[in-house]
**Q** 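Got a structure for you, questions after.
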Number of protein chains: 2
Amino acid sequence: MPRWELGSADRLKQAAMELFREKGFEDTSVVEIAARARVTTRTFFRYFPDKRDVLFAESEGLRAGLVARIRQAEDVTNPLHTIVRAMTEFDWDAMGGRDVQRHRQAVIAANPELLERDLIKHDDIAVEFTGVLRERGVDPDTARLAARVGIQLFFTAYESWLAAPDDADLAAITGDLMSRLASIVPIGA
Amino acid sequence: MPRWELGSADRLKQAAMELFREKGFEDTSVVEIAARARVTTRTFFRYFPDKRDVLFAESEGLRAGLVARIRQAEDVTNPLHTIVRAMTEFDWDAMGGRDVQRHRQAVIAANPELLERDLIKHDDIAVEFTGVLRERGVDPDTARLAARVGIQLFFTAYESWLAAPDDADLAAITGDLMSRLASIVPIGA
DNA sequence: CACATGATGTCGCGCCGTGACATCACGCTA
DNA sequence: TAGCGTGATGTCACGGCGCGACATCATGTG
């Protein structure tokens, strides 16, 4: 029998998610989260750098996975296409299931502090994408633009996908947005 | 003679900027900022909701100004063009001068906490743009995409503009990025 | 059986941000 | 001129966040 229960990090994540949904992010203290997970406050901060980050524990793996896809993509002659394709083909259903993602998204959207963290995580991904594209020979300015626009386009699609019924097709949504983008990018300019 | 010096907010802003540049954002406490501005800590929080926001005091005016431009734009048949054009024509030199903006940008870029705040301010602008475009009859999904992509494109250009010599032309840079975007948006898809 | 390991607890601290109340120069009005 | 309201600031107390330092103790390893 171990001296303590196993899986403190998982219990903390679950406790935090529950409390954030029950009483909101601001009205939940780290002390409460830790108590529900049956550990001390200090232990919380050993697993997560701050209160917000408990909702973003998987983001490093996500970023690494996406970057690997870009790095291994067959061709990057059209970097925007490469990025959106790589992100679309990612196995999002492995991120805890649709409803888990919906709940997480709802909590984030309801709290500016969490939204800030979400945005910078996306920005981190964009920065890494930019670097990989440049390594693969894409013009620096084009790489940065493609990374940023690609991320915006994809996560816009991702939101719609989460909001849609379970049988919605993510690829179809990204494809639709790509068409819309093509229709509003000034062709002649 | 007033009981206190006038312009506490301005003194706080300047003191904060000085200290952030001298010793960094994290190593500067609100107590120090307030002391240099010759007020108490409590007064700091009467002018700014939190420590980060002291660098974003002008952002509300910026957002309002940009939104007004979108609202008054002659035509929105190409929302992406409308947005980028409106932002490009904004009087950025009125925001305190190039060097002030460069210093501000440098401080923000050096601190993730400030970058988070910067990103959510951009996001706020995107949300408002989306609303205005929809009011003006743009399809909801297209409006959101155009707002987000337009903001990314413009601020990417803005960064380059700040990094460039003083005689650089912002419109030329945004135009260049628009061309690059046109070249990587899959035409046939 | 002794010891290193590693996760957790305990304690103290500085900083952030806020509510409540006090202070007091200024301007207005009788 | 005396009085009064206003508004910016100060003062105080407090809860929450996040971290450094050290103690505790089950496990497993020799």
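Here is the naming used below: chain letters follow the sequence lines, and residue numbers restart at 1 for every chain. As a basis for the values below, the full set of heavy atoms in this structure was taken, side chains included, without hydrogen atoms, waters or symmetry mates. None of the values given here were measured: they were computed from a predicted structure.
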**Q** OP1 or OP2 of D/dT9 less than 4.0 angstrom from a side-chain nitrogen or oxygen of B/Tyr47, does that happen here?
**A** yes

**Q** List in chain and number order the residues that pass salt bridge (charged side-chain N to carboxylate O under 4.0 Å, His left out) with B/Asp75, two or more places apart in sequence or in another chain; answer none if no residue qualifies.
**A** none

**Q** How many whole angstroms separate atom CZ of A/Arg117 from atom C1' of D/dC17?
**A** 13 Å

**Q** Test of understanding: with side chain to side chain contact (heavy atoms under 4.5 Å, CB included), list the residues that count as partners of B/Ala110, not counting sequence neighbours.
**A** none

**Q** For the residue pair B/Val39 and B/Arg11, what are the closest heavy atoms and their distance?
**A** CG1-NH2, 3.6 Å

**Q** How would you list all residue pairs meeting ring-ring contact (aromatic ring centres under 6.0 Å, His included) that involve residues 96-124 of chain B, not counting sequence neighbours?
**A** B/His122-B/Phe155

**Q** List for me each residue that meets salt bridge (charged side-chain N to carboxylate O under 4.0 Å, His left out) alongside A/Glu135, sequence neighbours excluded, and say none if there are none.
**A** A/Arg71

**Q** A/Thr43 side chain N/O closer than 4.0 Å to the phosphate oxygens (OP1, OP2) of C/dG9?
**A** yes

**Q** Would you say the base of D/dG10 and the side-chain of B/Arg46 have a donor-acceptor pair closer than 3.5 Å?
**A** yes

**Q** Using salt bridge (charged side-chain N to carboxylate O under 4.0 Å, His left out) as the criterion, list what pairs up with A/Glu116, not counting sequence neighbours.
**A** A/Arg52, B/Arg52, B/Arg117

**Q** From CG of B/Leu12 over to C1' of D/dA8, roughly how many Å is that when rounded to an integer?
**A** 13 Å

**Q** Each nucleotide N or O in nucleotides 15-18 of chain C that has a protein N or O under 3.5 Å away: list the pair and distance.
**A**
residue : atom : partner : partner atom : Å
C/dC16  : OP1  : B/Lys51 : NZ           : 3.3
C/dC16  : OP2  : B/Val30 : N            : 3.1
C/dG17  : OP2  : B/Lys51 : N            : 2.8

